[in-house]
Amino acid sequence: MRGGALLAALAAVAALAAAPPLLGEYRTTLLLPVFGYGVALLGLNLLFGYGGLVSFGHAMFVAAGAYAAAVVTGVWRIESFEAVLLAAAAAGLALALPVGALCARYTKIFFGMLTLAFGMLFHSFLFKFYGLTGGDQGMRVRRPTLLGLEFEELDKTAFLVGPYYWYCLAVAALLALLMWRIVRSPFGLALRAQRDNPRKAEYLGVEVRRTRFVAFLVSAAFGAVGGAMLAVPTGLADPELAYWTHSGTLVFMTLLGGFAHFAGPLLGALAYVLLQDWLMSLTPYWRLLLGAVLALIVLACPQGLMGLPALLRARLAARRRRAAAPHPAPAE
Amino acid sequence: MRTTRRELLAGAAAAAAPLGAALPLPAYAQARPLRVGILAPRAGVAGTVGEVGLKGVEFAVEKLNAAGGVAGRRVELVIEEETNPRETVERARRLALQERVDVIQGVVSSGVSLALGPALEESRILTVFWDGTTQDGVNETMPRPRWVFRSTDNECEAVMGSLMAIKHFRGQFLTVAGINPDYSYGRNNWAAFLALLRRFNIEHRVVTEQWPRVGGMDLTANVAALKAANPDLVFSSLLFADLPVFMRQAHAAGLLEGRKWVFPAAGFQHTALKKEFTPPGMVFGHNTLYFADPQATPLAREFVQWYHERTRDWPHWEADRAFFAMEVWRRGVEKAVQAKGGGAWPSNAEIAEAIRGIEVVSLGGPGRMRPDGVAEQTFIQGLTVHDPRYDFPILGPDRITRMDGRQLQKGPGQDFWRWIAEARFDL
């Protein structure tokens, strides 16, 4: 990691760690879904930004993680959050093995449609198999212990804005570091190569399908861990988590932050959660405004919020160049 | 004749007097207003339901404030939207932690209430639900709630509709069919209907079960399947915007003629079910509020008129659920204030304790909050007639049945299915 980026990352983590007393309880609880979505979007962007594969069914892995949390805490009565995270990653991988083996054969719209289809299949499974999944009513996710500590003296709000907040921040920071290493590794290079020119990448010895498949597995595991982190504050795993509109929301967040930048998904998660909170408090027509924001981003700033400074710099430079250029002499 | 604002306020104050003047209460007029957080759907399949509930809240608060507030404190509303479980839990936290509301009321969806109930209970936030109490999982998620008060069970209307079908149609059907929304509520209602047929030894044969998606607007395949099965009686707990669509398609296919129909939850759509495609003689459930109830209280009549003047429509039961939630909370606050004897304002724990066992008269009739924190209300169903005053069917005035929640709902700690098998029902 370059010195500047490392410093910026450390400063962001330090600021977030120190934030709860300054933000107050409610705004601190708002950051919890940012950590969960941030982790899930880092995984999604491994496929989208680095692999060139847009998944419209990624919410199935978020849901798999949430249901894993429900099974571990509610059915098996294992309260350890570390066990929940491991089980979520395992559930995500188990689901991604068959799905990824099929989807990794395709790219572009075919990949998108296949992931959408598998996502809806998983949603139907969650919705219909009442005996296993609770159907539309979902499964309860009980409050876990953190590093073996129960925090019994804290009510749920105090638990969430205290120990759970810092725990999730640490998990998100560690997984972001892990993802940074992955995208900077030879594997990450191979993934980008197959995105830019798959045939040439194959000539150079990249096993394109296997690379996509491994990226799919890593992406699914991140999605499921993010789902487990999201499920604890809600206290419920429900089938809507796997619905296609939730997959669309994940893609929206990634676009909002900027899929071409490593930190784009993290910024996208933060911006989306804050924007939605603000708009929902402002007007019942918040969905309309969110749609308008998405349209604005695609039209005016396709690189997302992370690309905004570069876009503004380029526009300013272009304006300066135009101003400095000698005016053409009027035609005689 | 035009009514001036002054006359309207004076009339409202006079009508609201019983709400506030029943008990001598210490004045807290100088204190800050009481803030009531409301969670209601405002879009999607339950959007109109939420809007009717909000009207019930608006009416209740208008009356309370005209009568001097709750124990001398004015009431303010803070409204947030009920969406999916995760977002709604966040909105509830916003109400409690950011807006600092004194109580949260609302919620229509059982999926949301199942997430919200434990989250608010664990966070010790006083809450009274309007609706959303489908059986599955409710007992397991909150066995002994202290802070969260549940609405009456969602299956009450199916129990009553089944009893009504047995009462009015016994001996007139052999083959039965169901078309119910594909989620826990629809499945429980259908199962409750079949269980009650067995309980009353009604000979029957199920010829088809249809499970359309909630809010799905193409029901032609379901209509065709029902027509092919040719049942004598159809039981349906469709209740959202898909119900009028189903009726139109069923009418067009000639499915409606010559059969018995049981719609325990159709009251949500009563004004959308136009006479041209909704026959008379159906068992029709209005849940806890029937807008044209001949035995309605003056307050209920005033509300119906108030609602009609503002919306050019007639209200359904979600308005009553909202009014009931506000009323049990108000009575709980006043009881707790009185118990303190004019000293400090009671804590939310004391108010929660005071709410247990409260009896109120809501818009649809008498009701209570049981000591275990579950509401019991009056339910109204009947057989439909076509009345020239309305373009939709209403209940025949001589065919209306009223049942107290105690007759329709399992007791504290009981299992719903065992209760159906063992309870005594009075037809």
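Chain letters run A, B, ... following the sequence lines, proteins first, then strands; residues in each count from 1. Atom set for the values below is all heavy atoms of this structure, side chains included, hydrogens, waters and symmetry mates excluded.
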Q) Is the ring centre of F149(B) less than 6.0 Å from the ring centre of F129(B)? A)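 Not close enough - the centres of the two rings lie 6.0 Å or further apart.
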
Heavy-atom proximity to chain B below 4.5 Å, by part of [X]:
X: F127(A); value: side chain
X: L160(A); value: side chain
X: P233(A); value: both

Would you mind checking which part of [X] comes under 4.5 Å of any heavy atom in chain A, side chain (CB onward), backbone (N, CA, C, O), both or neither?
X: R94(B); value: both
X: S123(B); value: both
X: R124(B); value: side chain
X: E99(B); value: neither
X: E90(B); value: both

Distance-only donor-acceptor check, side chains [X] and [Y], under 3.5 Å:
X: W286(A); Y: E81(B); answer: yes
X: N180(B); Y: S236(B); answer: no
X: T115(A); Y: H58(A); answer: no
X: Q105(B); Y: W130(B); answer: no
X: Q276(A); Y: E87(B); answer: yes

Among [options], who wins on heavy-atom pairs under 4.5 Å with chain A?
options: E80(B), R42(B), R86(B); value: R86(B)
options: S109(B), A119(B), G47(B), P85(B); value: P85(B)
options: T83(B), L116(B), V214(B); value: T83(B)

Q: Only one of T234(A), L236(A), T29(A) passes side-chain contact (heavy atoms from CB on, under 4.5 Å) with V89(B); say which it is.
A: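 Going through the options one by one, the only one that passes is T234(A).
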
If we define contacts as heavy-atom pairs under 4.5 Å, which of [options] has the most with chain B?
options: R287(A), M139(A), E240(A); answer: R287(A)
options: L30(A), L230(A), D277(A); answer: D277(A)
options: P33(A), G134(A), G135(A), G235(A); answer: P33(A)

Q | Lys NZ or Arg CZ of R93(B) over Y26(A) ring: under 6.0 Å, within 45° | A | no

Q. Only one of F56(A), Y37(A), F252(A) clears ring-ring contact (aromatic ring centres under 6.0 Å, His included) with H246(A); which?
A.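 In the set F56(A), Y37(A), F252(A), the residue that makes a ring-ring contact (aromatic ring centres under 6.0 Å, His included) with H246(A) is Y37(A).
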
